[in-house]
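Report on the following structure.
Just so it is clear, the model here is predicted, and its values are computed rather than measured.
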Amino acid sequence: YNTLPSIAPDGQEQITGGEVPASKTEASVAQYPKEVVSIIPPVVFQRRSLVTECSTLVPAIADSLEAYFKNQVSGRCSSTYTCDRESGFTCIDRSKNVPSTETHFETKTIAMSDGNWYAEFLDMFSVPVIYRGDIVNTEDWIDLQTSEVSIVNVFLAPSLQLGTTLRITFSYDGPGRL
C-alpha cells in the first residue's frame, strides 16, 4: 500500500474535511417569466407488427430453425421439468401491422393520421403491474411484436396563448436494427 504513487497534489490529503473555500462565486438563473404547463399527462403509443408463418419470410431455413429451437426446448422439458414443448420460435412481419380489431392489454387501437396505435398513459410504467381484464406486468406491454413506440406530451404557455407538442418515436425493425 505504501509503495503506490500518491495522487494528492503536493502530498496533501484529498479529503481533509471542514475546509472553507477561499472564494465563493454567486450564480443566478433568471426565471422564465411565463408559466409553462403540461396540459395532459404524457401518453405512450405503440404500433404492433403481425405474427406470421416463418416459411413465408425465410422459406429456406424456417424448418431447420424450428427443429433447432424444438431441440433446445426438449432438453429443458425432459423428465425433471414439465413444460410446453413448443419452441416459442416466432416470426414477425414488420411490413404488416396488426388488424385494428386486435386488442393488446385489453385495449383496442386508436386511429390516428399515421395509422392505428395502442395508447396508454406513460405513468403506467411507474408501477410493475396493472389490471387490464387480468393482472398483467407493465414490462410486457412492449414485446417482440412492437414495431414503434411514440411518446407524446402537450405543453401550453397560457399567458402567451402558445402551445406545442413534443413527440419522441422509437422504431424497431427487428434484431440489431433499433
Side-chain angles (χ1 to χ4, degrees), residues 27 29-59 61-62 65-66 68-70 72-73 76-77 81 83-178:
V29 177
Q31 183 68 28
Y32 185 72
K34 307 296 181 193
E35 179 182 4
V36 177
V37 294
S38 175
I39 60 171
I40 62 169
V43 179
V44 61
F45 295 93
Q46 176 183 171
R47 192 185 323 256
R48 298 177 59 74
S49 296
L50 200 58
V51 173
T52 188
E53 290 293 322
C54 293
S55 58
T56 61
L57 293 177
V58 286
I61 61 171
L65 283 173
E66 181 67 27
Y68 171 78
F69 288 120
K70 280 186 179 179
Q72 295 295 312
V73 171
R76 184 186 69 194
C77 294
Y81 300 101
C83 59
D84 187 2
R85 296 260 181 206
E86 293 297 316
S87 70
F89 179 61
T90 304
C91 287
I92 307 295
D93 187 348
R94 303 243 174 244
S95 67
K96 296 179 183 169
N97 293 327
V98 295
S100 60
T101 56
E102 190 171 314
T103 62
H104 180 58
F105 269 49
E106 300 293 323
T107 304
K108 294 180 181 179
T109 60
I110 295 173
M112 296 174 60
S113 62
D114 58 346
N116 294 324
W117 294 81
Y118 294 95
E120 288 285 350
F121 288 111
L122 185 60
D123 191 44
M124 168 189 75
F125 293 107
S126 66
V127 293
V129 295
I130 59 171
Y131 184 81
R132 293 288 187 271
D134 198 3
I135 295 176
V136 291
N137 292 320
T138 54
E139 67 184 26
D140 295 335
W141 192 72
I142 297 174
D143 62 8
L144 187 61
Q145 281 184 264
T146 303
S147 56
E148 281 183 271
V149 173
S150 190
I151 301 168
V152 177
N153 201 355
V154 179
F155 297 95
L156 182 65
S159 61
L160 297 175
Q161 297 180 351
L162 179 70
T164 188
T165 302
L166 170 68
R167 182 174 184 170
I168 302 169
T169 302
F170 300 91
S171 297
Y172 179 64
D173 296 327
R177 298 183 196 114
L178 181 61

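Atom CZ of Phe125 has more than 12 heavy atoms from other residues, nucleotides or ligands within 6.0 Å. When the shell of 6.0 Å around OH of Tyr68 is examined, it contains 12 or fewer heavy atoms from other residues, nucleotides or ligands.
Residue pairs that meet the salt bridge (Lys or Arg N to Asp or Glu O under 4.0 Å) test with at least one member in residues 126-139, sequence neighbours left out, are Glu120-Arg132.
At least one donor-acceptor pair under 3.5 Å links the side chain of Thr107 to the backbone N or O of Phe105. Side-chain atoms of Thr146 never come within 3.5 Å of backbone atoms of Arg48 as a donor-acceptor pair (strictly under, hydrogens ignored). Under the 3.5 Å distance criterion, the side-chain polar atoms of Ser100 are left unmatched by any main-chain donor or acceptor of Thr109.
Within the model, atoms CD1 of Ile92 and CG of Asp143 stand 8.0 Å from one another, a figure rounded to the nearest 0.5 Å. Rounding to the nearest 0.5 Å places OH of Tyr172 at 13.0 Å from CD of Gln46. We find the CG-OG distance between Asn97 and Ser49 to be 5.5 Å, quoted to the nearest 0.5 Å.
When the side chain to side chain contact (heavy atoms under 4.5 Å, CB included) test is applied to Glu102, the partners found at least two apart in sequence or on another chain are Val98, Pro99, Tyr118, Gln145. Legend: residues meeting side chain to side chain donor-acceptor pair (under 3.5 Å) with Arg94, ordered by chain and number and at least two apart, are absent. For Ser95, the side chain to side chain contact (heavy atoms under 4.5 Å, CB included) partners at least two apart in sequence or on another chain are Asp93. Lys108 pairs by the side chain to side chain contact (heavy atoms under 4.5 Å, CB included) definition with Thr103, not counting sequence neighbours.
In plain terms, the two heavy atoms of Asn116 and Ala111 that are nearest each other are OD1-CA, 3.4 Å. Shown here for Thr138 and Ile130, the closest heavy-atom pair between the two residues is CG2-CG2, 3.6 Å.
In this structure, His104 and Trp141 have tilted ring planes: the angle between them lies in the 30° to 60° band.
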Give every donor-acceptor pair under 3.5 Å between a side-chain atom in residues 161-169 and any protein atom, sequence neighbours left out.
unit_1: Arg167; atom_1: NE; unit_2: Ser150; atom_2: OG; d: 2.7
unit_1: Arg167; atom_1: NH2; unit_2: Asp114; atom_2: OD2; d: 3.2
unit_1: Thr169; atom_1: OG1; unit_2: Ser150; atom_2: OG; d: 2.9

Check: Yes or no on side chain to side chain contact (heavy atoms under 4.5 Å, CB included) for Val43 and Phe121, after CA distance, side-chain angles and deciding distance?
Finding: CA-CA 4 Å; Val43 179; Phe121 288 111; 4.0 Å; yes
